[in-house]
Amino acid sequence: MHAGREWTCSPAAMHAWESPDYEPSLPVSEKSNPLTRDIDRASASHIVRILQATDAQMFQEDTGATYKRLVSKQVVETLMEVAEKVELILKDPRDSLVVLSGCGTSGRLAFLITSDFNKALRELNQSPVYRYIIAGGDRALLSSQEAPEDDPELGALSLKKVCEGKKHVLFIGISCGLSAPFVAGQLDFCMQHLEVFTPVLVGFNPSHQARDDPMSGCTFTFRSLVQRMEELSKSKKAFLINPAVGPEAVSGSSRMKGGSATKILLEVVFSAAHAAAFTNSPITFKGIQEHVDAYRQSLDITYSHTEGITPLLEAAGQSLRHGKRVCYLGWGSVGILGLIDASECNPTFGADFEDVRGFISGGYGQLNNNEGPLSSLGPDFCISHEDFLRQVLPSLDDWDTVLLIYTHSDSVSEVAKLALRVRGKTSNIHAVYHQVDGDTAAAVQQSDVNKLCSSSLKITWPSSAPESFLRMQWELSTKLLLNAVSTGAHILKGKIYQNHMIDVQVTNSKLYCRALRLLQKLSGCTESKCEEALLRAIYNSDTLTAEITSSDVGSHTQTARNRTEVVPLALVCLLTGCSLQEAESHLRRHVIVREAVAAHMS
Ligand code: S6P
């Protein structure tokens, strides 16, 4: 443990990942972050500080060296151009749409952003022009659906369906790693129909680092597609928004910075377009640059509360270590961030859906998703507070952590009522509450909630910001905070080795490649030996048949869906030369995967 030792981050360490010699074969989104190498042995407060430094890399200045950054001239100019396209659609929305699409977290953020901006349009009596697509459909908003990410045809078909009969479509494909075949299929479809579609790609790798693997049914790769888009961008028929934000805190976990930067960039674009269309404020370079920069403040304000965030990580970590639950009870759009964060724990940490769960006041009525209520799909799709009271509350005790997430525009008396019911079962109840400067009325009501909670984190925002921007800041702040809580809690549970998630699910081709790389890095064995061990673990067989070895990655990932701990199993086999059965019993003895690996590495 590093507990007690002060963690500081030198400017050189902040930039170390940018060196051309640093993990040169990996794109930025998959590199391991030098800042987080020891995060697996850090205390809760250290983890928060390390995450703060890692998130701050999003706003690093453009040094003119290797990478474009959020506020680089070229990035800001492209944001302006895309905002102008959106403005045109807002001014004449007939037969037009702005479609946002992505897989996993990128699709979830597409949903959140389209909801926010359609709501803004409805408030102005304008027709909602934004649509979202998420690979795997609405169930992917709340659960892990990794396989559709590999299907370019499905992507193109779903885009075609949403845009039926439209004459102008601005399509924004989000793939943080410039890697998702689902999004590639959509961008390719757009480029075949440029008379209707203007494609925009949002991601966080330079174009030469886009994925170059073959994709099912395609003659092109993501990288060649990006090259075609770059060509088209010269005549403004396509746009690429791809600054680098530095490697993720947990390698490849693009739900963190990738998701945050997606939210920042697209909100900046749409806010500028709305201001231009409805309040005659021109889209300017300075305006865009300042707006991006204003989000840096959201980060600073959030992390100025390290002391308040730390107990949340500690409580959540304790709960997970004891096989108990963490529940987010949210209100309004910050509640949606709770649902999103909880849904990511399964694919990111191999967590059970019961481990971290999100609930929102108003349930699906508040979510207002394309496919409507999904509760009939099973208990993991029950998301209202009533569902929580019925399904979860009766079994809670002091080992479970409950986190209330709300803002001053929510009904604090309703929060207090729910808090009281929770308090009857567990004293391990915490609150995170956003308010604006000088809001004394809410402060009085808030004290009722405080009395029921073992910790209350009040985050105060300057009242000078416009209401719509305040809400976006609260959302980003909640995202950072919950990402820190769930990541930190799983680190404290021992799920991370150095800064790698060892127990990665191997449920699509990106994750399959990541698993193979991880096995090579940790075992030092050749790629072919690692793949052999991985397949043995996936197919649960010490000998590999010709049928297995001749199958494609799609079949491997499909089979892996029904298996658990395949990467830890493969790693133990590689390190010890033991059989699968022996590896299984070894892992059973070391419940903490990090310790099992560390024991063999030393
Ligand atoms: C990552 C998250 C994944 C990704 C998804 C899409 O932390 O668990 O669900 O969002 O794989 O990735 P990308 O690079 O296409 O945005």
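Residues: numbered from 1 along the sequence shown. From a predicted model like this one, the values you see are computed outputs, not experimental measurements. First listed ligand is number 1; within each ligand, the first listed atom is number 1.
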Which residue supplies the protein heavy atom nearest to [atom], what is that atom called, and how far is it?
atom	answer
atom 2 (C) of ligand 1	T105 OG1, 3.7 Å
atom 7 (O) of ligand 1	R255 N, 2.9 Å
atom 15 (O) of ligand 1	S175 OG, 2.7 Å
atom 8 (O) of ligand 1	T348 OG1, 3.9 Å
atom 6 (C) of ligand 1	C103 O, 3.2 Å
atom 9 (O) of ligand 1	G104 CA, 3.4 Å
atom 14 (O) of ligand 1	G177 N, 2.9 Å
atom 12 (O) of ligand 1	K510 NZ, 3.0 Å

Near [X], which atoms of ligand 1 are under 4.0 Å from a heavy atom of that residue?
X	answer
A180	15 (O)
C176	13 (P), 14 (O), 15 (O), 16 (O)
E149	5 (C), 6 (C), 11 (O)
S253	7 (O)
S106	10 (O), 16 (O)

Residues [X], [Y]: salt bridge by 4.0 Å N-O rule:
X	Y	result
R517	E30	yes
E354	K324	no
E81	K85	no
K510	D213	no

Hey, could you give me the [atom1]/[atom2] distance between [X] and [Y], rounded to the nearest 0.5 Å?
X	Y	atom1	atom2	answer
S254	I174	OG	CD1	11.5 Å
F204	L70	CZ	CG	7.0 Å
I336	S115	CD1	OG	5.5 Å

* To do: Flag R108 as yes when one of its N or O atoms lies below 3.5 Å from any N or O atom of ligand 1, and as no otherwise.
  => no
* Taking the six-membered ring of Y328, is NZ or CZ of R357 closer than 6.0 Å to its centre and within 45° of its axis? -> no
* Would a distance-only check, ignoring hydrogens and angles, find a side-chain to backbone donor-acceptor pair under 3.5 Å from N205 to V28? -> yes
